[in-house]
2 protein chains.
Amino acid sequence: MTDSSSPPPAPTVPPAAPSKPRREQIHEVASRLFSERGYHATSMRDLAGQLGMQGGSLYAHIASKDELLIGIVDRAARQFDGALFTLRGDSLPAPEKIREAMHRHIRVVADNMESATVFFHEWKHLSPEAYTRVTNWRDTIDAFYRDLVIQGIREGSLRPDLDPKMTANLILSAVNWAYTWYRPGGSMTPRDVAEKYADMLLGGLQAAPKLAAPEQP
Amino acid sequence: MTDSSSPPPAPTVPPAAPSKPRREQIHEVASRLFSERGYHATSMRDLAGQLGMQGGSLYAHIASKDELLIGIVDRAARQFDGALFTLRGDSLPAPEKIREAMHRHIRVVADNMESATVFFHEWKHLSPEAYTRVTNWRDTIDAFYRDLVIQGIREGSLRPDLDPKMTANLILSAVNWAYTWYRPGGSMTPRDVAEKYADMLLGGLQAAPKLAAPEQP
DNA sequence: ACCCACACCAAACGCCCGTTAGGTGACGCG
DNA sequence: CGCGTCACCTAACGGGCGTTTGGTGTGGGT
């Protein structure tokens with residue numbers, strides 16, 4: 001912006017500037033429609049109609065309907081990845097790490113309700129390669145939480161009788177299921193949800209932890 | 001199976017015996033296909049093919065594809081209802097009641113994996129009346145768990161600082177999400193899953209609850 | 001023997017699907 | 001002005017969809 005000596009920056013054909021807005025608009029609207037109605041119940045003409053164009057015109061910007069789905073699901077997976085895997089290096093005790101992981105996980109869901117919903121509902125309809133890619137990726141997320149529990153048991157911060165697989169399942173149930181009920185406009189932030197969930201999960205629901213003593217004052 | 005002492009029960013035209021096996025077969029295969037591929041990705045010709053017949057022949061037994069979906073979803077809802085609402089009267093303390101409810105809930109999911117999957121995935125595609133019916137029904141399930149938590153707080157068996165809505169959400173996350181990972185042939189029975197989940201939820205994941213030494217000895 | 005209900009088939013209906021092909025107007029550059 | 005590019009449109013393609021219609025063979029009842 002400050003240089004006045006150079007010529008206008010190649011206005012003829014931007015050589016490597018494929019970041020046009022229209023393609024992103026299509027992906028955004030597709031996320032919304034796929035999450036609201038489902039992949040197979042959304043037609044390309046529906047999608048085009050929401051963008052004020054005809055069905056066939058979409059193909060000037062995208063290659064196919066499958067490609068749209070793959071793009072949305074991959075994007076969601078990358079969001080989870082980016083949020084969670086920076087935690088691997090941290091040296092927090094396991095309970096804090098679980099709390100933080102739940103917070104980030106729920107935040108990704110909350111900030112990407114539409115693509116997260118598509119991710120959880122439509123991954124079965126991906127093309128075979130994308131399908132196995134997503135399946136393998138999910139296994140690494142499972143392993144992430146499982147390892148986190150194992151670490152906690154080893155360091156003594158988590159109960160030693162925990163089943164790591166089932167504990168990871170329980171944590172994942174809590175954070176994933178949020179896509180069915182969380183509403184971004186509501187009164188709870190993702191942090192609120194994560195804090196409440198982590199408090200309940202780590203501390204337990206029961207009132208008296210183990211008061212073996214007679215409770216006469 | 002019916003009765004062996006009475007004469008053959010009106011063999012000419014069973015006047016009100018619509019419980020033919022074929023209709024049930026169709027519903028069963030439809031449950032399987034809808035749960036595996038999704039409602040919109042399953043065609044009536046697919047369904048008929050699995051039963052060794054032509055697409056049009058289905059309509060001698062059923063009225064429409066929508067009716068099939070409604071039947072499957074309603075059946076699943078009735079299973080949950082029958083399992084949970086007999087608990088309303090019981091006078092157990094809340095932790096036992098939560099444990100038992102989770103057990104029954106997970107057992108319904110495990111014993112009806114296919115229709116439960118259809119229920120959780122395809123309820124958005126129901127006809128408007130069935131849609132609102134299912135939505136309202138889900139609210140009553142939410143309320144059931146919420147009331148259960150409120151009861152526990154009142155009677156002092158659950159932590160007084162619990163948010164009943166969020167606690168019910170957490171319990172429902174655990175038991176509902178089971179449809180995504182539970183496999184009936186595996187090593188865990190629904191009871192095993194429910195016991196582990198209830199232990200973790202009620203008792204908490206953390207090792208040392210809070211070594212009771214707030215006062216100086 | 002007749003009859004009729006039954007379970008199913010073969011073919012078609014109208015409609016919508018994802019996708020492609022060719023055309024049209026606007027715009028910026030030489 | 002001429003040219004190319006871009007975003008989009010109109011129209012169509014082949015095919016699959018849910019569903020309907022008019023048979024056809026079979027088997028038990030009278």
Side-chain angles (χ1 to χ4, degrees), chain A residues 6-30 33-34 36-72 118 122 125-128 130, chain B residues 7-30 33-34 37-72 118 122 125-128 130:
Chain A
S6 63
T12 53
V13 174
S19 65
K20 292 271 179 73
R22 206 59 204 236
R23 169 174 253 268
E24 287 174 27
Q25 279 180 45
I26 294 175
H27 272 76
E28 279 167 25
V29 177
L33 292 188
F34 290 175
E36 284 173 2
R37 318 180 185 178
Y39 177 68
H40 284 290
T42 304
S43 76
M44 296 305 271
R45 287 171 178 87
D46 289 342
L47 175 53
Q50 296 269 322
L51 287 151
M53 52 203 287
Q54 297 296 113
S57 308
L58 291 169
Y59 292 85
H61 306 279
I62 62 161
S64 69
K65 197 186 178 184
D66 297 271
E67 185 219 70
L68 266 182
L69 179 59
I70 292 177
I72 294 167
V118 175
E122 314 290 353
H125 303 121
L126 290 167
S127 63
Chain B
T12 53
V13 174
S19 65
K20 290 273 178 70
R22 207 60 205 239
R23 170 175 253 268
E24 287 175 27
Q25 281 180 44
I26 294 174
H27 271 77
E28 281 167 23
V29 176
L33 292 188
F34 289 176
R37 317 179 185 179
Y39 176 69
H40 285 289
T42 304
S43 76
M44 295 306 270
R45 287 169 179 88
D46 289 342
L47 175 52
Q50 297 267 323
L51 288 151
M53 52 204 288
Q54 297 297 113
S57 308
L58 291 170
Y59 291 83
H61 307 279
I62 62 160
S64 68
K65 196 186 179 186
D66 297 88
E67 185 221 71
L68 267 181
L69 179 59
I70 292 175
I72 294 168
V118 174
E122 314 290 352
H125 303 120
L126 289 167
S127 62

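Note that the coordinates shown come from a computational prediction; the quantities given were computed from them, not determined experimentally. Proteins get letters first, then strands, A, B, ... in listed order; numbering begins at 1 in each.
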Rounded distance [0.5 Å steps], CD in A:Q50 versus OG1 in A:T42: 9.5 Å

Mind calculating the distance between [atom1] ([X]) and [atom2] ([N]) to the nearest angstrom?
X     : N      : atom1 : atom2 : value
B:I26 : C:dA7  : CD1   : P     : 10 Å
A:R23 : D:dA7  : CZ    : P     : 12 Å
B:L58 : D:dT21 : CG    : P     : 17 Å

Steps toward side-chain contact (heavy atoms from CB on, under 4.5 Å) verdict (A:D46, A:R37): CA-CA 11 Å; A:D46 289 342; A:R37 318 180 185 178; 3.3 Å; yes

Partners meeting ring pair (Phe, Tyr, Trp, His ring centres under 6.0 Å) with B:H125 (sequence neighbours left out): B:H40

Reading 5' to 3' through nucleotides 14-20 of chain C, protein heavy-atom contacts under 4.0 Å coded B for base, S for sugar-phosphate only, - for none: ---BBBB

From CA spacing to verdict: side-chain contact (heavy atoms from CB on, under 4.5 Å), A:D66, A:Y39: CA-CA 9 Å; A:D66 297 271; A:Y39 177 68; 3.8 Å; yes

For the student: nearest non-hydrogen atoms of B:L51 and B:I26, plus distance: CD1-CG1, 3.7 Å

Phosphate OP1/OP2 of C:dC6: any B:R22 side-chain N/O under 4.0 Å: no

Below 4.0 Å: OP1/OP2 of C:dC8 and any side-chain N or O of B:Q54: no

Stepwise side-chain contact (heavy atoms from CB on, under 4.5 Å) check, A:L58 with A:K65: CA-CA 10 Å; A:L58 291 169; A:K65 197 186 178 184; over 6 Å; no

